[in-house]
Each structure stands twice: as structure tokens, then as C-alpha cells.
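One structure is given below, encoded as C-alpha cells.
Each residue takes its place number in the sequence, starting with 1.
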Amino acid sequence: MDFVRKLIAFLADNGVLPPEVTSSDKTEVERQKTYLQTLPDSPAKAYCVRWYDTNVSSVVNKQVGIYRIQVMMRNPKHGEVLREIEALWKFLLQRPEPIEDITDDCWVIFDIQSGPIPLGQDDKGNYLYSLNFPVKTQLF
């Protein structure tokens, strides 16, 4: 999970995702941030970054692998969530270098292969979008 937290912080520092929610965030507005691994039922406007698979090369050094990442966004306003997911997608597509340091001790290679996916609406009428992408980095 340490890598996912570093990724959330990097994306938040670059203005394309809110920071990770903390236990000190109490109100509905304060909790409109990024959740780790699971998107809760509320607030209506929320974000989630999860890692759902990892690949490791079979013949080379096992310190480098590929995390498969999913970013989910939920919002009652369709236009807003669509702008946000597209901004994240374009940010990842337009990285200035193929290999990028996201912290002092973590480098990444974003390999964006597809665009945002509309997931429809939840049972409360909020709009859901997903962006899935592999990220190559050191595993430990």
C-alpha cells in the first residue's frame, strides 16, 4: 500500500486528484478526498485509488514490477466528474519524461493504454468513471 499512498500524494501535488482522506476529516466536504482501495458509499463526491494486480518479470531482477492501478471518481455532477477524469488521463499521457521520480525514493513509468471508462450511475444517481493503467516501479 505504500506505493499507492505515494502515487496519491504525487497526483494530489500535481492537482489532478485530491489528497488522501484522513481520520481528522470529519465533515462531508472534508471527506471529498481520495480513498485507498475502496470507494465508500458517501460522500457523493469521492475518489479512490486501488491496486488490483501486480506483475513481475520472470527472467530479470525481481525488484521491479508492474502495478495495475484503478482510479475511480464519483460525483453527482456528470460534467464535473468527466472533466476531472479527463484531466487526470491527459496529465498521465503528457508526462515530460518516460521515467519520473514521484518521491525521493520512488520512480515510475506510466504506461497509459486506454482512456476513461464510464461506469454509469450508482443507486443514488451519482456518476462514476474509472481510469485503469499499469505503472512500472520498484517493488521494494
Side-chain angles (χ1 to χ4, degrees):
M1 292 299 168
D2 191 41
F3 171 71
V4 178
R5 284 198 156 98
K6 290 177 183 179
L7 180 61
I8 291 170
F10 170 76
L11 296 172
D13 288 346
N14 283 279
V16 291
L17 202 64
E20 186 177 349
V21 70
T22 66
S23 58
S24 65
D25 296 319
K26 302 293 184 201
T27 69
E28 176 95 5
V29 172
E30 290 174 332
R31 298 192 65 76
Q32 292 179 353
K33 293 185 177 174
T34 303
Y35 291 80
L36 184 65
Q37 288 300 110
T38 304
L39 188 64
D41 291 336
S42 67
K45 182 178 179 180
Y47 310 79
C48 176
V49 176
R50 72 183 193 99
W51 133 55
Y52 62 91
D53 190 21
T54 308
N55 294 52
V56 180
S57 299
S58 60
V59 236
V60 295
N61 185 333
K62 301 291 186 201
Q63 291 181 351
V64 174
I66 298 172
Y67 285 95
R68 302 228 178 260
I69 300 294
Q70 179 182 46
V71 177
M72 291 183 64
M73 295 184 179
R74 178 180 61 218
N75 193 313
K77 297 178 182 176
H78 183 258
E80 193 172 303
V81 72
L82 183 56
R83 278 190 302 278
E84 290 177 332
I85 199 83
E86 285 182 340
L88 172 62
W89 178 49
K90 289 175 184 176
F91 170 81
L92 294 171
L93 281 172
Q94 298 170 352
R95 301 314 310 139
E97 299 293 331
I99 301 174
E100 187 165 11
D101 293 323
I102 64 170
T103 67
D104 290 340
D105 65 346
C106 183
W107 58 268
V108 295
I109 300 172
F110 294 111
D111 188 15
I112 306 306
Q113 300 171 357
S114 61
I117 303 166
L119 300 176
Q121 292 176 276
D122 66 11
D123 58 353
K124 296 177 183 174
N126 300 307
Y127 296 92
L128 295 161
Y129 276 84
S130 173
L131 182 63
N132 302 346
F133 53 92
V135 181
K136 186 177 279 188
T137 189
Q138 67 271 23
L139 296 176
F140 50 87

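We find the CD-CZ distance between Gln70 and Phe133 to be 10.0 Å, quoted to the nearest 0.5 Å. Here the straight-line distance linking atom NZ of Lys6 with atom CG of Asp104 works out to 9.5 Å at 0.5 Å rounding. Remark: Arg50 CZ to Leu36 CG distance equals 11.5 Å, nearest 0.5 Å. Expressed to the nearest 0.5 Å, how far CD of Gln32 lies from CG of Asp25 amounts to 10.5 Å. Taking CG from Leu128 and NE2 from His78, the interatomic distance works out to 10.0 Å, rounded to the nearest 0.5 Å. We find the CD1-CG distance between Ile117 and Leu131 to be 7.5 Å, quoted to the nearest 0.5 Å.
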Tell me, with the steps shown, if Asn126 and Lys45 meet side chain to side chain contact (heavy atoms under 4.5 Å, CB included). CA-CA 8 Å; Asn126 300 307; Lys45 182 178 179 180; over 6 Å; no
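Leu93 and Val108 fall within a single hydrophobic cluster, where Ile, Leu, Val, Met, Phe, Trp and Tyr are joined by side-chain heavy atoms under 4.5 Å apart, directly or via other members. Put simply, Met72 and Ile85 are part of two different groups of oily side chains (I, L, V, M, F, W, Y) that touch within less than 4.5 Å, one to the next. Taken together through direct or relayed side-chain contacts under 4.5 Å among Ile, Leu, Val, Met, Phe, Trp and Tyr, Val16 and Leu82 form part of one hydrophobic cluster. Note on Val49: it clusters hydrophobically with Tyr129, by side-chain heavy-atom contacts below 4.5 Å among ILVMFWY residues. Side-chain heavy atoms closer than 4.5 Å link hydrophobic residues (I, L, V, M, F, W, Y) into clusters, and following such links, possibly through other members, connects Leu7 to Trp51.
Pairing each heavy atom of Tyr35 with each of Ser42, the nearest pair is OH-O, 4.3 Å. Asn75 and Glu84 get closest at one heavy-atom pair: ND2-OE1, 4.1 Å. Residues Met73 and Leu17 come closest through the heavy atom pair CE-CD1, 3.9 Å. When all heavy atoms of Ile8 and Pro19 are compared, the pair lying nearest together is CG2-C, 4.3 Å.
Contact annotation: the side chain of Asn132 never approaches that of Arg68 to less than 4.5 Å [non-hydrogen atoms, C-beta and beyond].
Using cut-offs of 30° and 60° on the angle between ring planes, the pair Phe110 and Phe10 is parallel.
The cationic group of Arg5 does not satisfy the cation-pi geometry with Phe3, failing either the under 6.0 Å distance to the six-membered ring centre or the 45° limit from the ring axis.
Applying the side chain to side chain donor-acceptor pair (under 3.5 Å) criterion to Gln113, with sequence neighbours excluded, gives Asp111.
Judged by distance alone, with hydrogens and angles left aside, the side-chain atoms of Thr34 form a donor-acceptor pair with the main-chain N or O of Pro18 at under 3.5 Å. Between the Thr137 side chain and the Trp107 main chain, a donor and an acceptor come within less than 3.5 Å of each other. Thr103 contributes a side-chain N or O that, together with a main-chain N or O of Asp105, makes up a donor-acceptor pair within less than 3.5 Å.
Contact check on Asp41 versus Lys124 returns no salt bridge, with no Lys/Arg side-chain nitrogen under 4.0 Å from an Asp/Glu carboxylate oxygen.
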